[in-house]
Structures are given as C-alpha cells and as structure tokens.
Amino acid sequence: MASRAMELPKTFNPQEIEEPIYRWWEERGFFTPRIDWSRKPFVIAMPPPNVTGELHMGHAMFVTLEDLMIRYHRMRGDPTLWVPGTDHAGIATQVMVERELAREGLTRQQLGREKFLERVWAWKEKYGGTITRQLRRLGASCDWTRERFTMDPEHSRAVREAFVRLYERGLIYRAEYLINWCPRCGTALSDLEVEREEEEEGLLYYIRYPLVGDGWEGPAAPWGSGRWAEGARAFITVATTRPETLLGDTGVAVHPEDARYAALVGRTAVLPALGRRIPVLADPAVDRDFGTGAVKVTPGHDPIDYEIGERHGLPRINVMNPDATLNENAGPYAGMDRFRAREALVADLEREGLLERVEPHRYAPGRCQRCDTIVEPMLSLQWFVNAKPLAEEAIRVVKEGKIRILPERFEKDYFRWLENIRPWCISRQLWWGHRIPAWYCDDCGHITVAREDPTACARCGSPRIRQDEDVLDTWFSSALWPFSILGWPDDTEDLRYFYPTTVMETGYDILFFWVARMVMMGLAMTGEVPFRIVYLHGLVRDEKGEKMSKTKGNVIDPLVVIRDYGADALRFTLATGSTPGNDMRLSLQRVAGSRNFANKLWNAARFVLSQIPGPIARPSLEDPGLTLPDRWILSRYHRTVAAVTEALEGFDFGEAGRLIYEFTWDAFCDWYIEIAKEPLYRGSEADRARTRGVLVYVLDGILRLLHPYMPFITEALWGYLRRAGVTDGAEGLIVAAWPTPGPVDPAAEADMQLLIEVIRTLRNARETYRVPSAQRLAAVLAVGDKRPLFEAHRSLLVSLARLDPERLVLREAAEPVPENALIYPVGEVRIYLPLAGLVDLEAERARLARELADLEARIARTERLLTSEFAVRAPASVVEKERRKLEELKARRDQLRAEWERLGLR
RNA sequence: GGGCGAGUAGCUCAGGUGGUCAGAGCGCACGGCUCACAUCCGUGAGGUCGGGGGUUCGAGUCCCUCCUCGCCCACCA
C-alpha cells in the first residue's frame with residue numbers, strides 16, 4: 001500500500017515549509033485585495049515598527065492578532081487590506097545613530113546637519129529591511145505592495161498638509177512656554193515623553209529668604225561674604241528639591257488662607273545670591289502642608305510656578321542653557337552645570353546662614369523616555385498644537401459609539417487623558433524627522449507656513465527667508481498613519497474604499513501616544529473616525545511576569561522561538577494565552593505545547609491522507625447511511641464552527657483557539673480517528689468511502705478554522721488535500737472559504753456521549769484493578785432500552801475498551817446481578833465486571849467506601865436544597881433538574897450498597 | 001493623591017448577562033513502543049475559586065470592606 005502519507009515525515013518540521021509557503025503567498029499576490037464596491041472591506045493599518053528596530057515579542061503579538069483577524073476576514077471573502085510600514089522614530093533613531101557616532105568619537109554637531117542625515121539614511125538602508133523580513137517570518141499576510149515609511153515623500157506630504165491645515169485653523173501656533181527639555185538630546189519633549197520612574201532618595205532644602213523692612217533694606221555685603229543677610233529681621237522659609245532654580249525665582253507664594261503667613265503677604269523678599277526683590281503673594285495652588293507652606297515661585301522652570309506667575313504677572317526668567325549649564329541670568333553661577341551649581345549655591349547659602357536645614361526626601365524626577373537624562377522644565381519658544389478642541393471631538397466619537405474600545409475599561413483612561421489634555425509641544429530640536437514647514441522672514445519677521453517650499457516671504461515678498469530648523473514630534477506624523485497610507489491628502493480610490501479602517505490593534509501602552517492622537521487627527525483631517533474599533537492587547541512578559549528587557553537579559557527572541565518551535569507554535573501560544581488588555585507571561589513550555597499540537601495535527605493529516613486514494617463520499621447528516629460516530633463528529637464539528645466563528649466575531653481569540661484545539665485533539669483525534677480505523681481497515685468499500693469522506697470533510701474544516709492561528713502548517717497540509725483532489729477549488733487555504741456551520745444531531749451526540757462514558761468507565765476499571773493491557777475483559781452491560789444502540793456498536797466497545805467479544809453480554813434487564821461482579825453505573829447503564837479473581841478486596845472496600853460517602857454527602861446536600869426555599873423560589877426547570885439528580889444519586893447509592901453487601905464487605 | 005488590572009488545582013491561565021463552571025494545558029502518579037503521532041496513547045490524584053461581611057432560594061460569578069502584587073495618570077515645590 002503505497003500511501004501518500006509516506007511522503008510526509010513522521011514529525012512536522014516547520015523550518016522546511018514556512019519560508020517557501022510565505023514566498024508563494026506573497027508572489028501569488030494573495031495579500032493584495034481586489035477592490036469590490038459591493039462589499040465592505042476589512043482594513044487594518046499596521047502599527048509601524050521603528051524602521052531600524054529588531055523584532056521583539058511585542059511585534060510578534062501584534063502580528064499574531066492582526067494577521068489572525070486579517071486571515072479570518074480574507075477567508076470570509078471580505079476585501080481585506082493590511083497595510084504594513086515602518087516609522088522613522090525620530091528621537092529613537094537619532095539617539096541610536098548618535099551612539100554609533102560617539103563610538104567614533106564624533107558628535108552630530110561636528111558632522112553637521114546634512115552629513116548627519118546622510119548617516120541616518122545610510123543606517124536606515126542598512127537596518128531598515130530587517131524588521132520587515134522578520135515580520136514575514138511570523139507569517140504576516142500584509143500587503144507589501146502598499147508598504148509605507150513615515151519619511152516617504154507621500155507621507156511627508158501628508159504631514160505637511162496636516163500641519164498647514166491646523167496652522168490655518170489656528171490650532172498650531174508658536175509660543176514661548178514652559179516645556180520639558182532633555183539636556184542630553186537637546187530637544188523639547190512632550191509631556192508623554194517624560195517618564196517618572198522609581199522614587200529615589202533626594203534632598204529637600206529649606207532656604208530662608210530675608211524680607212525687606214524692619215529697618216533692613218537689603219544686603220549691604222556681597223554674596224559669599226557671610227554677611228549678606230546681616231541685619232535682616234524677618235525671613236520667610238521655603239522648601240525646594242531644586243535649589244539652583246532659585247536663581248530664576250520671581251516671587252514667594254503662600255496659601256491665601258494660611259494664617260501663619262497672612263501678615264507677610266504683600267511684603268518683599270530679597271532673593272539670595274542675586275538680591276532681586278520679589279513679592280510675597282497668596283495663591284491657592286500652594287499646599288499648606290508641604291514643607292513650610294511657603295513656596296518659591298520660579299515661572300521659568302516649573303509648571304505650577306508658571307501658572308502662579310501668570311496669575312500674578314510675575315516675570316519669567318530662564319536661568320539655563322540648552323545643555324543644562326546655568327546661563328548669564330544665574331549671576332555668580334553662570335557657566336556651571338546645573339548639579340554643580342546646586343552644590344555651590346547650597347554651600348553659599350549655608351555660609352550666609354540662609355540654609356535652615358536639609359531633609360531627606362523621596363521624589364521621582366522626570367526623565368527623558370529615550371536617554372533617561374533628568375528633564376528640565378524650561379521656558380522655550382516652541383510649536384504647539386492646541387489639542388483641546390481636537391480632544392473634544394475625539395471624546396465625542398467614542399461616547400457616541402462611533403469608535404469602540406476593547407476592552408471597554410480603557411475608555412475611562414482615554415476620556416480622562418483627553419479631558420485633561422494640555423497643549424501638545426510638537427517641535428523637536430532634532431535633525432531626523434519632518435522639518436517644520438515654517439519660514440521666517442529676515443526682513444519683516446513674518447512667518448510663512450506653506451505646503452510647498454516658498455522662495456519668498458508671503459507678506460513682504462523678501463527672498464530672505466529661512467526655514468525653521470526644528471522637526472516635528474514623530475507622533476505628529478504617525479497620528480496621520482491610518483489615512484496617509486491610503487493616499488491622503490489626495491482623493492484616491494484606496495482612501496475612498498478602505499477608509500475609515502476597521503480595526504486598530506495595538507498595545508495599551510500607546511493608547512495616548514498614538515491611538516488618541518490618531519483619532520484627533522483623523523477627525524480633524526478627514527472628518528471621519530480613522531477606525532471603528534480599537535483592540536488593545538497586553539504586554540508580553542517573561543515567565544516570571546517581568547517586563548522583558550535587554551539589560552535584564554530575560555528577552556525571549558521571537559526568531560529563536562520560531563527556529564526552535566515554528567512560527568505557528570509561537571502564534572498559537574500568543575493568541576490563546578492572552579486575553580484582551582491583560583499582560584501575558586510567555587513560557588517556552590507553552591510554546592512547546594503548541595508545537596505538540598501542530599505535530600498532532602500533522603499526524604492526524606498524515607493518517608487521513610494515507611486513506612485518501614480511493615472513492616470519497618461527501619458526508620451529509622441527511623444521509624441515513626452515516627454511522628453514529630460519523631453523525632457525532634459532524635455534529636460536533638458544526639457546533640465548533642459556529643462557536644469559533646462567534647468567538648472570533650467577538651474578538652475572543654483565545655477562546656476560539658481553545659475550542660479548535662479541544663475539538664481537534666479530543667474529539668477528532670482521540671475518538672473519531674480511533675473509531676474510524678475499524679471501518680477503514682475492516683469495513684466494506686462503502687464503509688471506507690463513507691469514513692474517508694467524513695475524515696476529509698472534518699480535517700478540511702479544521703485546517704480552515706485553524707488557518708488564522710497556524711497559517712503555515714494548515715496551508716501545507718491543505719495543499720496535500722488539494723493535490724489529492726479532495727478540496728473545493730480554492731487555490732490556497734489562505735483564500736479558501738471560511739466554513740459555515742452546518743446542521744447538528746443532538747440525539748447522535750447524546751448516544752455517542754453515553755458510549756464514550758461507558759468506554760471510559762471500563763478503561764478506568766482496568767486501570768484500577770491493574771488488568772494487564774493484553775488481557776481482554778469480560779463484561780455484562782445492562783443497558784435498558786439502549787440495547788439497539790449498544791448492539792450496533794458492539795465491536796466499537798470491544799476494540800476501544802479491550803473487551804473479550806466472546807464474553808461481552810448485552811442485555812436489557814439490570815437483574816440479576818452476576819456473581820462476584822463489580823458494578824459501575826453510567827447513567828441508566830450498569831456495567832458488571834466479573835473480576836472476582838482479580839479484585840483486591842481491600843482496594844475495593846476502600847473504593848466503595850469512598851464513593852458511598854461521597855454519594856451520601858451529595859444526596860444529603862441535594863435533599864436539603866430541595867426542602868429549602870429553593871424548591872419554591874427557583875425556576876421549575878432548575879428544581880426539576882435537581883430532582884432528577886437526586887434520583888440518580890439515590891439509585892447509584894443503592895447499587896453500591898448492594899454490591900457492598902454481596903462482596904461481604906463490612 | 002486618584003484610576004485600573006490581577007489574586008481559581010504544584011505552575012501558567014479559561015471561566016458573556018448568578019443556578020452541571022469548579023475547567024484546560026503543563027507538571028505529577030500509574031499503565032502502555034495499540035499498524036497517524038512517545039512532540040504519543042490510556043487512567044488518575046490535586047482547588048473552602050486572596051480574607052471578612054452583605055444581597056439572594058442560590059455567588060469565583062453582584063455589592064461593601066480589607067490584604068497582597070502589578071500598571072496607568074497626577075503640579076506636592
């Protein structure tokens with residue numbers, strides 16, 4: 001028998017099939033949809049990974065989930081588009097290239113802007129293809145013909161268009177405002193790019209500011225002499241963690257209702273070191289319980305102080321240079337680094353007797369998200385988006401249900417962030433990114449903002465204009481992604497057909513960074529929501545639940561996992577091991593489990609394929625010729641199709657995957673295939689054809705259901721079916737039709753269930769009594785009115801429970817009970833096993849005692865329940881169910897008691 | 001200071017709208033090279049569903065409270 005299965009190795013080897021299959025999919029153009037205006041498309045804009053990045057588990061997760069949705073919808077026949085791309089990741093990429101330069105002893109300034117950008121582009125060329133190649137290894141069925149990069153001319157045009165439009169609407173403006181400044185990167189950052197990590201030990205400095213009056217009109221001696229504050233009678237003490245910012249103080253504030261300081265409000269303090277006269281004022285922003293209740297006000301270097309200063313008309317003084325050394329406004333400390341200046345100033349304060357005390361204090365300074373440098377709040381001239389009006393719209397569309405966020409609980413976060421949104425600083429003092437399209441006129445000072453590079457000032461016509469040196473926040477550019485990838489601002493067919501996109505699938509960690517901003521920009525630019533559904537997945541952690549990081553050395557490299565277990569195994573693990581919005585722990589043991597599942601499927605298919613040469617009957621539940629197991633597996637299969645489809649529609653990918661797993665392994669492999677061997681090996685030609693038909697039909701269906709999870713192995717196996725000529729006409733599984741739920745047969749399911757339970761009970765008894773596996777068991781089955789069922793499946797019982805066909809008695813009556821037989825009740829059926837010689841009386845006594853005790857307890861519980869209020873208050877059906885249960889329990893108890901007696905047990 | 005999530009068998013986790021929901025995989029124990037598969041097959045043991053209180057005829061499943069862990073946001077200088 002030269003069977004086809006012999007062509008397949010015994011063990012599934014992912015390495016051999018994955019890459020060729022992917023190449024075939026891509027070359028055949030299956031990833032590119034055909035626009036069909038009569039059908040609604042399914043569209044995902046892929047969150048673009050950093051162009052120079054390396055694949056990590058986060059990517060593996062999003063590829064798995066998005067590809068899952070994409071493949072499902074493609075199989076459903078929807079025109080399905082998944083647009084891939086990469087992000088230039090301004091600051092991240094620039095920092096990487098700067099690090100490379102640093103190894104050569106160079107800085108970007110030494111290189112100059114143009115040369116530096118050349119280096120970045122070279123870097124991009126070198127590493128840019130890595131990530132997209134890696135996405136392919138995972139099986140991402142995205143449309144590479146539409147691949148985009150955020151620095152492409154097309155996307156750049158979109159960025160400029162968006163900037164100009166917002167500028168024209170007055171929503172983008174340039175202003176001097178307090179921003180977060182990273183001294184290492186030399187750029188402004190948005191609030192989101194500042195992270196407050198662990199609290200650390202810091203110090204809280206209590207500093208006395210002398211007050212003018214009481215005969216003291218200011219310092220007579222120079223700063224540092226030790227007599228600077230000589231003669232001062234009154235002081236106000238403030239507490240600060242950043243003493244050096246004192247040099248920028250323009251006021252001292254207390255709470256308006258703070259009785260301790262009421263008398264001081266309105267007086268004038270003298271700023272240490274600089275001698276500046278600053279007012280003592282009252283402002284409700286002051287926390288009376290912190291420090292002394294009096295706070296130095298530094299509008300140039302602190303956000304709250306900025307607001308206090310604004311309310312009271314205080315001057316704003318910047319005391320720092322971009323590199324965080326102090327500037328000329330810092331008097332004697334000018335030129336010092338901020339932390340050196342702190343030491344020096346504190347020492348001087350002490351000398352002058354103005355340092356009251358220093359306390360340990362835990363605090364968490366803001367740090368640059370990219371380089372971890374402590375960020376300095378600083379006054380700076382930057383470009384901003386007035387996000388408030390945009391945010392209001394973004395809130396509205398979610399409230400109105402035009403966008404659904406899954407899991408829903410993230411809506412709360414989304415609303416809260418948008419409701420409290422502040423002006424978004426979008427200019428970055430970087431070189432890698434989209435240059436701000438604003439030109440300053442040297443002659444009239446006018447700012448020209450234009451879609452095309454202007455050659456002259458829009459107001460005075462002067463050709464002496466210079467473009468703004470800065471670039472835009474990367475997130476400004478990526479906020480346009482869902483429509484820029486479709487050709488916006490042009491009115492392209494893609495945009496008309498595929499926009500708004502359907503699902504935005506991404507990690508919850510960039511809900512604010514990206515998702516919220518896409519909604520704002522989408523609405524502002526296109527007047528429509530950019531997507532209908534936001535699906536947020538959790539973070540992938542290591543087996544201990546810790547965040548994977550290179551420094552911790554606990555990263556699990558997806559490519560290594562793919563090499564060792566296959567992409568399908570990794571995907572299945574990620575898809576079934578996670579619930580929306582919750583983090584998951586990835587362990588290689590689980591991946592191995594998925595790999596085993598793939599192997600199981602492989603071998604099930606080998607078996608089916610080995611039976612294929614020969615006539616095939618397409619099965620139908622209408623066909624009276626089907627056997628009970630046939631009807632059972634078809635019915636179960638149809639239920640599975642319905643349940644899986646429902647779960648997928650509800651974005652319940654884990655549940656759907658588990659359903660397929662269970663059906664495949666338990667129902668199909670462990671039961672149906674085992675049962676099928678009988679008709680296949682010993683049946684008639686008709687039996688074989690019928691059984692083959694069922695096997696092929698169900699396997700084909702399993703492959704379809706599983707394809708979104710395990711695209712490679714399913715495509716490979718389906719290819720064998722296809723070549724055997726037993727599939728529908730689809731060219732590949734990737735474009736084959738999603739199965740439709742068929743009819744079910746509850747009666748067949750119930751009968752089969754009974755047989756299965758009887759077989760399990762018999763096997764259980766064998767194990768309990770250590771019957772050698774070679775020994776065939778004698779059994780008497782009292783099956784009541786199920787006699788025809790059992791008669792018809794005699795051989796099935798014999799083979800699966802390893803019974804002795806000569807000594808298997810089937811009968812209706814429960815009595816008489818055979819001598820020296822064990823009794824096992826299974827529903828209405830009673831199993832008698834004459835195991836007299838084999839039974840260990842002690843063991844049997846123990847078993848019976850345990851079971852009886854258990855039964856008694858359950859009977860008592862149920863009886864109590866049925867005599868309680870439950871009987872009158874609960875729905876009749878529920879009560880009835882309990883009644884039946886009680887009857888069953890009692891019957892079983894009586895049998896066991898009888899057996900107890902008969903065995904002469906005490 | 002707010003907000004959110006998690007705490008269910010040894011481990012990792014599932015468990016719409018309260019009534020076979022007490023489950024799966026791994027691990028463990030025992031028995032099997034049964035002609036698709038030892039990346040396997042068969043059988044089994046293991047849980048007062050974090051603690052306490054409440055609502056209800058009935059609660060992992062709803063409410064309150066507490067504990068432990070994790071995350072997000074926030075202007076305590």
Side-chain angles (χ1 to χ4, degrees), chain A residues 1 3 5 8 10-12 191 196 204-205 238-242 245 253 285-287 289-292 294-298 302-308 361 363 377 407 409-410 412-413 416-417 420 508-509 511-512 538-539 541 543 545-547 565 569 576-579 581-587 589-590 592-611 650 652 654-655 658 661-662 665-666 669-670 673-674 677 681 759-760 763-768 770-774 799-800 802 865 868-875 877-879 881-882 885:
Chain A
M1 182 157 83
S3 81
L8 277 66
K10 272 176 97 164
T11 306
F12 168 53
D191 296 338
R196 283 170 208 284
L204 186 61
Y205 301 85
V238 300
T240 180
T241 53
R242 296 186 299 153
T245 62
V286 177
D287 178 357
D289 300 324
F290 186 87
T292 60
V295 61
K296 61 196 265 318
V297 183
T298 321
D302 185 280
I304 324 163
D305 294 6
Y306 182 93
E307 284 169 19
I308 295 176
H361 180 68
Y363 79 118
R409 64 183 140 88
F410 285 103
K412 222 178 282 180
D413 293 331
R416 196 161 33 75
W417 188 73
N420 299 309
Y508 65 75
D509 53 329
L511 178 61
F512 308 140
L539 272 42
R541 299 172 175 278
E543 47 266 80
E546 292 189 42
K547 217 165 170 171
Y565 300 95
T576 56
S578 63
T579 37
N582 284 8
D583 295 351
M584 81 167 287
R585 302 182 188 202
L586 183 70
S587 80
Q589 283 196 342
R590 294 201 49 186
S594 302
R595 185 267 322 266
N596 294 353
F597 177 48
N599 192 239
K600 187 71 182 175
L601 180 70
W602 182 262
N603 278 290
R606 278 181 74 221
F607 175 77
V608 174
L609 287 163
S610 75
Q611 304 301 321
D652 208 342
E655 177 66 8
R658 273 175 245 118
Y661 180 98
E662 191 184 287
W665 203 314
D666 187 51
C669 292
D670 288 348
I673 288 185
E674 289 311 312
K677 287 172 182 174
Y681 295 155
I759 290 165
R760 283 215 169 106
R763 286 169 170 175
N764 182 351
R766 293 186 74 98
E767 287 291 327
T768 308
R770 301 287 162 89
V771 179
S773 55
S799 65
L800 294 181
R802 312 200 118 256
L865 183 63
S868 73
E869 263 185 280
F870 169 83
V872 289
R873 306 286 296 262
S877 62
V878 177
V879 177
K881 203 179 276 178
E882 289 299 323
K885 199 165 91 186

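Everything numeric in this text was worked out from a predicted model, so none of it was measured. So that the names make sense, note that chain A is the first sequence line, chain B the second, and so on, each numbered from 1.
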Look through every strand shown and name the nucleotide pairing with B:C71 as Watson-Crick or G-U wobble, where both distances are under 3.5 Å. B:G3

Hey, which sits more toward the 5' end of RNA chain B by its nearest nucleotide, A:Trp417 or A:Arg409? A:Arg409

B:C37, OP1 or OP2 - any side-chain N/O from A:Lys10 closer than 4.0 Å? yes

Check the phosphate of B:G25 against A:Trp665, side-chain N and O only, distance under 4.0 Å to OP1 or OP2. Yes or no? no

Just call it for A:Thr298: base, sugar-phosphate, or nothing, with non-hydrogen atoms closer than 4.0 Å on any strand. nothing

Syn within 90° of 0, anti beyond: B:G70 is anti

Atom-pair distance (CG on A:Asp191; P on B:C75), nearest Å: 8 Å

If you compare every side-chain N and O of A:Arg763 against the phosphate oxygens of B:U43 (OP1, OP2), does one of them come in below 4.0 Å? yes

Write down the distance separating the P atoms in B:U43 and B:G54, rounded off to the nearest Å. 44 Å

Quick check on B:G44: is either OP1 or OP2 less than 4.0 Å from any side-chain nitrogen or oxygen of A:Asn764? yes

Taking atom C1' in both B:C41 and B:G47, compute the distance separating them and give it to the nearest angstrom. 27 Å

Measure distances between side-chain N and O atoms of A:Glu674 and base N and O atoms of B:A36, and say whether any donor-acceptor pair falls under 3.5 Å. yes

Go through the N and O atoms of the side chain of A:Arg595 and the base of B:U39, and report whether any donor-acceptor pair is under 3.5 Å. yes

Starting from P on B:G5, measure out to CG on A:Leu539 and report it in whole angstrom. 17 Å

Kindly indicate whether the side chain of A:Arg763, heavy atoms from C-beta on, has any atom under 4.5 Å from the side chain of A:Arg802. no

Quick check for you: to the nearest 0.5 Å, what is the distance between A:Leu800 atom CG and A:Arg760 atom CZ? 11.0 Å

Is A:His361 close enough to B:C76 that one of its side-chain N or O atoms is under 4.0 Å from OP1 or OP2 there? no

Minimum-distance nucleotide to A:Val295 side chain [options: B:U39, B:U12, B:A77]: B:A77

If you measure from CZ on A:Arg595 to OG1 on A:Thr11, what distance do you get to the nearest 0.5 Å? 9.5 Å

Distance check: side-chain N/O of A:Asn596 vs OP1/OP2 of B:C40, anything under 4.0 Å? yes

B:U34 phosphate, OP1 or OP2, under 4.0 Å from A:Arg802 side-chain N/O: no

Which whole number of Å gives the distance between the P atom of B:C69 and that of B:U56? 35 Å

Output the rounded distance in Å from CZ (A:Phe597) to P (B:A38). 17 Å

Specify the separation, in whole Å, of atom CD of A:Glu307 and atom C1' of B:C76. 14 Å

Both distances under 3.5 Å, Watson-Crick or G-U wobble: report the partner of B:C62, or none. B:G54

For A:Lys412 and B:C4, is the shortest distance between a side-chain N/O and OP1 or OP2 below 4.0 Å? yes

From B:C13, B:C71, B:U43, nucleotide with atom closest to A:Tyr508 side chain: B:C71

I want to check something: taking the side chain as every heavy atom from C-beta on, are A:Thr576 and A:Tyr661 in contact at a cut-off of under 4.5 Å? no

Give me syn or anti for B:G46, where syn covers glycosidic angles within 90 degrees of 0. syn

Complement of B:G25, any strand, by Watson-Crick or G-U distances under 3.5 angstrom: B:C11

Separation between the C1' atoms of B:G7 and B:U61, rounded to whole Å: 15 Å

Touch check for A:Asp305, heavy atoms < 4.0 angstrom, all strands: base, sugar-phosphate only, or nothing? nothing

RNA chain B: 5'-proximal contact among A:Trp602 and A:Arg416 (nearest heavy atom): A:Trp602

For B:A45 versus B:G16, give the span between their C1' atoms, rounded off to a whole number of Å. 32 Å

Are side-chain heavy atoms of A:Val238 and A:Val295 found at a separation under 4.5 Å? no

Per atom distances to the A:Phe290 side chain, the nearest of B:C76, B:A14, B:C37 is B:C76

Given atom CG of A:Leu204 and atom P of B:A77, what is their separation to the nearest angstrom? 8 Å

Starting from C1' on B:G1, measure out to CG on A:Asp287 and report it in whole angstrom. 11 Å

Hey, does the side-chain of A:Lys677 have a donor or acceptor N/O within less than 3.5 Å of a partner on the base of B:A36? yes

How far, in whole Å, is B:G1 from B:G58 if one measures between their C1' atoms? 40 Å

Checking B:U43, B:A77, B:C41 against the side chain of A:Thr241 (C-beta onward), the nearest is B:A77

So, do A:Arg606 and A:Leu609 sit near enough that their side-chain heavy atoms are less than 4.5 Å apart? no

Between B:G44 and A:Glu767, counting only base atoms on the nucleotide and side-chain atoms on the residue, is there a donor-acceptor pair under 3.5 Å? no

If you define the side chain from C-beta out and look only at heavy atoms, does anything of A:Leu601 sit under 4.5 Å from A:Trp665? no

Please give, in whole Å, the distance from B:G3 C1' to A:Leu511 CG? 14 Å

Tell me, do A:Asp302 and A:Thr245 make a side-chain contact under 4.5 Å, heavy atoms counted? no

Please determine, for the side chain of A:Thr11, which listed nucleotide (B:A36, B:U39, B:A77) has the closest atom? B:U39

With both distances under 3.5 Å as the test, what is the Watson-Crick or G-U wobble partner of B:G31? B:C41

Output the rounded distance in Å from CZ (A:Arg541) to P (B:A6). 14 Å

Quick one: which of B:G25, B:G44, B:C41 gets closest to the side chain of A:Tyr661? B:G25

Return no unless some side-chain N or O of A:Thr576 is found under 4.0 Å from OP1 or OP2 of B:A14. no

Determine whether a donor-acceptor pair (N or O, by modelled atom type, separation under 3.5 Å) exists between the side chain of A:Arg541 and the backbone of A:Leu586. no

Using a 4.0 Å heavy-atom cut-off across all strands, classify A:Phe12 as base, sugar-phosphate, or nothing. nothing

Looking only at the side chain of A:Val286 (C-beta and beyond, no hydrogens), which of the listed nucleotides B:A77, B:A36, B:U39 gets closest? B:A77

Please measure how far the C1' atom in B:C28 lies from the corresponding atom in B:C72, and state the result in whole Å. 40 Å

When rounded to the nearest Å, what value does the distance between C1' atoms of B:A24 and B:C63 take? 31 Å

Between A:Arg196 and B:A74, is there a contact of a side-chain N or O with OP1 or OP2 at under 4.0 Å? no

Output for pair (A:Asp191 CG, A:Phe512 CZ), nearest 0.5 Å, gives 12.5 Å

